[in-house]
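What follows is one structure encoded as structure tokens, with my remarks underneath.
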Amino acid sequence: MLTLAWPWLLLLLPLPLIFWKRSQSQQVKTGGHLNLPGVGDNGAISQQSSSKSSQFPLWIIWVLLVFAATRPLWVGDVIELPSKGRDLMLAIDLSGSMQIEDMVLDGKPVDRFSMVQHVMSDFIERRKGDKLGLILFADHAYLQAPLTQDRRSIAQFLSEAQIGLVGKQTAIGEAIALSVKRFDQAKESNRVLILLTDGSNNSGSISPDEAAAIAAKRGITIYTIGVGADVMERRTLFGRERVNPSMDLDEAQLTRLATTTHGQYFRARNSQELEQIYQEIDKLEPTDSDQLSYRPQSELFYYPLALALLVNVLLMLWRLPFIATRLTLNKSGAQ
């Protein structure tokens, strides 16, 4: 988009016309002019013809100079600046128990991980301005995506993850320790870890409590989420029976991990509760609402300035024959 920094300077455009009108009125009042013998008539005629012929180019030069003085700018599209938000790491359990179908999504029974993928995709989309990272853990913890503001990539990596990809057990301590390591490589910011699991720590080289103590010293806040229904019906040889599919969930440990790091423990028994948990985390760790942006600007004043100089040079070259003729007449008149 083309814009002018100082458009009020366009008011100077009619200024030469005002002076020209004023000079014309003064000539009418004084009346006539003095003709020198021999050269007066010819010089006046050549001067008048030269003045009339050069009047239009002079107007063009003036318009170009005024336009250059207004500072024309080319303004580009809006570019959003990266804001200083939170470094938010998502640690997702991919152990074998995440395939238990004790959740309901759109009226259909689904496994726990499918429900997590569905709800967390909306949560990822809402975290504008934050850097997000993704850790998947089972037998061991693996970094699936480093901290980045590319939310689409994080959502894509999560959608492509599969249960059993990194084992069958649950290494909660390693997931926390890996998060601490990745946070140490980032600049200072509000560091948040959201750890989602449906079991208890039974694998890995470090205990969850030790890893949480290290995280607390590094200023990392951990929000733990326990996933799984309390009651589930299943068919047996003796009919249908009600069981607790979340017997392996260690809520005491998850609560302790959150408390150690000044975070909070949440319990998600269905998709509605999980969605409410993410909304609550949004309130506890809000995104930066003051998104900074700017429009790149390019100066264009040198284009009309250069064009005015070119017209002036062409005008001077065009007037050289008239100047030479006038000098010749003056010499002949003097003789």
Side-chain angles (χ1 to χ4, degrees), residues 1-85 128-129 148-150 152 187 288-335:
M1 181 179 64
L2 182 64
T3 185
L4 303 178
W6 303 325
W8 52 269
L9 288 177
L10 293 176
L11 296 175
L12 297 177
L13 284 176
L15 193 60
L17 182 61
I18 296 175
F19 282 107
W20 182 76
K21 290 290 186 181
R22 186 174 180 181
S23 63
Q24 288 293 103
S25 62
Q26 289 180 351
Q27 288 181 6
V28 172
K29 290 181 180 179
T30 55
H33 60 274
L34 181 62
N35 293 326
L36 296 177
V39 299
D41 293 337
N42 293 333
I45 293 172
S46 62
Q47 184 177 4
Q48 290 174 4
S49 61
S50 176
S51 176
K52 290 180 180 179
S53 60
S54 62
Q55 185 176 5
F56 181 70
L58 288 176
W59 268 103
I60 294 178
I61 293 174
W62 175 252
V63 171
L64 291 173
L65 290 176
V66 172
F67 186 65
T70 59
R71 281 190 63 203
L73 302 170
W74 180 261
V75 182
D77 296 331
V78 176
I79 297 178
E80 292 186 353
L81 296 174
S83 57
K84 184 180 180 181
K128 295 181 179 179
T148 176
Q149 288 187 324
D150 187 358
R152 291 185 179 180
K187 295 181 180 180
D288 187 3
S289 59
D290 298 329
Q291 179 68 45
L292 300 179
S293 62
Y294 81 103
R295 287 180 178 269
Q297 297 181 353
S298 301
E299 296 278 356
L300 302 178
F301 70 90
Y302 43 83
Y303 287 108
L305 198 61
L307 188 57
L309 179 61
L310 177 62
V311 174
N312 186 51
V313 171
L314 294 176
L315 179 61
M316 293 295 294
L317 294 176
W318 181 76
R319 293 187 62 180
L320 282 177
F322 295 96
I323 296 174
T325 303
R326 184 175 179 182
L327 291 174
T328 302
L329 292 174
N330 286 340
K331 287 181 180 180
S332 63
Q335 293 175 358

Quick one: which residue pairs count as a salt bridge (charged side-chain N to carboxylate O under 4.0 Å, His left out) with a foot in residues 5-17, not counting sequence neighbours?
-> none
Say you draw a straight line from CG of Leu64 to CG of Leu305; how long is it, rounded to the nearest 0.5 Å?
-> 9.0 Å
Gap separating the OG1 atom of Thr70 from the CZ atom of Phe301, nearest 0.5 angstrom | 11.5 Å
For Pro72 and Phe67 the tightest heavy-atom approach is CD-O, 3.3 Å
Show the numbers, then the answer: is there a side chain to side chain contact (heavy atoms under 4.5 Å, CB included) between Leu65 and Ile61?
-> CA-CA 6 Å; Leu65 290 176; Ile61 293 174; 4.0 Å; yes
Set of residues satisfying side-chain contact (heavy atoms from CB on, under 4.5 Å) with respect to Leu317, sequence neighbours excluded = Val313, Leu320
Show me the donor-acceptor pairs within less than 3.5 Å that the side chains of residues 1-8 make with the rest of the protein, sequence neighbours left out.
none

Set of side-chain hydrogen bond (donor to acceptor under 3.5 Å, both in side chains) partners for Asn312, sequence neighbours left out = none
Contacts satisfying salt bridge (charged side-chain N to carboxylate O under 4.0 Å, His left out) that involve residues 61-76 (not counting sequence neighbours) are Arg71-Glu299
Could you tell me which residues satisfy side-chain contact (heavy atoms from CB on, under 4.5 Å) with Ala69, sequence neighbours excluded, listed by chain and number?
-> Leu9
Under 3.5 Å, is there a donor-acceptor pair between the side chain of Trp59 and the main chain of Leu17?
-> no
Can you name the nearest heavy-atom pair linking Leu13 to Trp62, along with the distance?
-> O-NE1, 3.2 Å
